[in-house]
Structures are given as structure tokens and as C-alpha cells.
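Since the structure comes first, as C-alpha cells, the remarks are kept for the end.
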Amino acid sequence: MRKMASKTFFAVMLLIVVFFIASCGSSTDGNVKNAAYEIIDDQGAIIQLEHKPERILTLAMGTDSIVLGILPEEKLIAINSLADDPVSSNIVDKANRITRKIKNPSAEEILSLKPDVVFIYNWGKAEMVDNLRELGIKVVVVKGPKSIVNILSLLRQRIYIVPNTVIPI
């Protein structure tokens with residue numbers, strides 16, 4: 001039963017990340033030069049990316065799992081230190097192929113990794129988001145789920161139209 005709940009949770013979290021990626025669109029803001037993608041995060045911040053992110057960092061094992069579910073391992077520059085622990089993680093095989101593991105990294109450590117974008121849950125430290133943004137790092141704050149019902153509700157609030165795609169909700 002627990003394994004089924006874990007798989008359901010993973011599947012729903014995967015959909016959330018797909019919606020975030022699908023929300024990237026061409027920038028139409030005349031004030032920004034070279035912005036190829038634009039993301040509006042759960043705090044309402046507009047994150048503009050000059051190119052498709054190649055170096056992604058997430059600051060939670062849940063988002064590591066989601067990103068690894070839709071992108072190749074080489075896109076993640078580091079993952080949670082527990083991601084390769086079979087007791088704590090359902091992505092052990094993929095996590096073992098990523099050499100850099102992090103646990104509560106400082107803003108300076110994150111800067112040294114040179115990420116194109118960092119995904120962080122809204123329950124993280126607000127000063128970390130501010131510090132990273134002051135360092136020029138693109139940070140996308142995502143609402144952290146509290147239950148499967150909450151995840152489904154979040155998905156319904158953030159439906160984006162993706163051409164030729166059917167999203168079962």
C-alpha cells in the first residue's frame with residue numbers, strides 16, 4: 001500500500017514539473033533582451049531564461065525525483081544526499097549515476113555549481129531564495145505539496161495549454 005502511495009505521489013509530482021516546464025514560453029516583454037523562456041513561479045516572480053536550462057539544481061529530493069523522471073541525469077548538476085539511499089529514495093539507480101550529492105548547501109556552494117536554474121519548495125528558507133537571486137541565480141519557487149489531494153488541487157490551478165497534449169486530471 002505504501003509503495004502504491006509512493007508511486008502515485010511520484011506520478012503526480014511529475015505532472016507538476018511537466019506543467020512548470022510547459023509554462024515556459026517565449027518572452028514578449030520588450031524590456032528584456034535575449035529572454036527565450038519565461039516562468040512565473042508560485043510566488044508570482046517572473047524568471048526569464050536566455051536559453052533552455054542545461055544545468056538544473058533542485059533543493060529537495062522530491063523535485064530531484066520529478067526532474068529525473070522527465071530529463072536525463074546529466075541535466076541535474078547535483079542531487080539530494082539521500083537520493084541514493086534505498087530506504088529514503090525511489091530513484092536510487094539514477095541517483096547513483098550523479099556524482100555530486102548535496103545537503104543543505106549554502107548560497108555560495110550553489111553559486112559554485114553554476115546552475116542555469118534552481119527549483120526550491122516554498123517551505124524552504126526565504127532568505128535562501130533572496131540570497132540566490134541577489135547572486136544572479138535564476139530561482140523558481142514551487143509550492144510544496146502536503147498530500148495527494150493537495151497535489152491534484154495544485155495541478156488544477158496551474159493548467160497550461162500545451163498543443164497536441166491531453167492532460168488527464
- Note on the structure: The reported gap from NZ in Lys94 to CG in Asp64 (rounded to nearest 0.5 angstrom) is 12.0 Å
- Query: Is the side chain of Asp116 donor-acceptor paired with the backbone N or O of Glu54 at a distance under 3.5 Å, no angle test?
  - Reply: yes
- Within a strict 4.5 Å, meaning less than it, do heavy atoms of the Arg55 and Lys75 side chains meet? no
- Task: Take Ser65 and Asn90 through the side-chain contact (heavy atoms from CB on, under 4.5 Å) test and state the conclusion after the steps.
- Result: CA-CA 8 Å; Ser65 296; Asn90 62 353; 3.6 Å; yes
- Item | Minimal non-hydrogen separation, Lys101 against Asn80, with atom names | CD-O, 4.1 Å
- Query: Side chains of Leu135 and Ile110: closer than 4.5 Å at any heavy-atom pair?
  - Reply: no
- CE/Met128 to CD1/Ile137 distance, rounded to the nearest 0.5 angstrom? 9.0 Å
- Task: Please round to the nearest 0.5 Å and tell me the distance separating atom CD1 of Ile102 and atom CD1 of Ile79.
- Result: 9.0 Å
- Item | Steps toward side-chain contact (heavy atoms from CB on, under 4.5 Å) verdict (Val141, Val129) | CA-CA 8 Å; Val141 178; Val129 173; 4.0 Å; yes
- Message: Holding to salt bridge (charged side-chain N to carboxylate O under 4.0 Å, His left out), I want the full list of residues that pass it with Lys138, two or more places apart in sequence or in another chain.
- Response: Glu50
- With sequence neighbours left out, the residues meeting side-chain contact (heavy atoms from CB on, under 4.5 Å) with Leu113 are Leu57, Ile77, Ala78, Arg100, Pro115
- Check against salt bridge (charged side-chain N to carboxylate O under 4.0 Å, His left out), Lys103 and Asp85: CA-CA 13 Å; Lys103 181 178 181 180; Asp85 175 13; over 6 Å; no
- Note on the structure: In short, Ala83 meets Ala95 closest at the heavy-atom pair O-CB, 3.3 Å
- Item | Candidate pair Leu76 and Thr58, rule side-chain contact (heavy atoms from CB on, under 4.5 Å), full reasoning | CA-CA 8 Å; Leu76 272 172; Thr58 75; 4.2 Å; yes
- Heavy-atom pair with the smallest gap, counting every atom of Ile47 and Val139: CG1-O, 3.2 Å
- Rounded to the nearest 0.5 Å, how far apart are CG of Leu59 and OH of Tyr121? 11.0 Å
- Just by modelled atom types, is the Leu49 backbone N or O under 3.5 Å from a matching donor or acceptor in the Lys52 side chain? no
- Just wondering, more than 12 heavy atoms not from Lys125 lying within 6.0 Å of its NZ? no
- Can Ile70 be reached from Ile39 by stepping across I, L, V, M, F, W or Y side chains whose heavy atoms are under 4.5 Å apart? yes
- If you measure from CZ on Arg97 to CD on Glu73, what distance do you get to the nearest 0.5 Å? 4.0 Å
- Task: Could you tell me the separation between the CE atom of Met61 and the CD1 atom of Ile91, rounded to the nearest 0.5 Å?
- Result: 7.0 Å
- Message: Donor-acceptor pair, distance only, cut-off 3.5 Å: does the side chain of Thr63 make one with the backbone of Ala60?
- Response: yes
- Note on the structure: Heavy atoms of Leu71 and Ile56 approach each other most closely as CD1-CD1, 3.5 Å
- Item | Backbone N/O of Val142 and side chain of Asp42: donor-acceptor pair under 3.5 Å | no
- Between Asp84 and Val92, is there a donor-acceptor pair closer than 3.5 Å when you use the side chain of the first and the backbone of the second? no
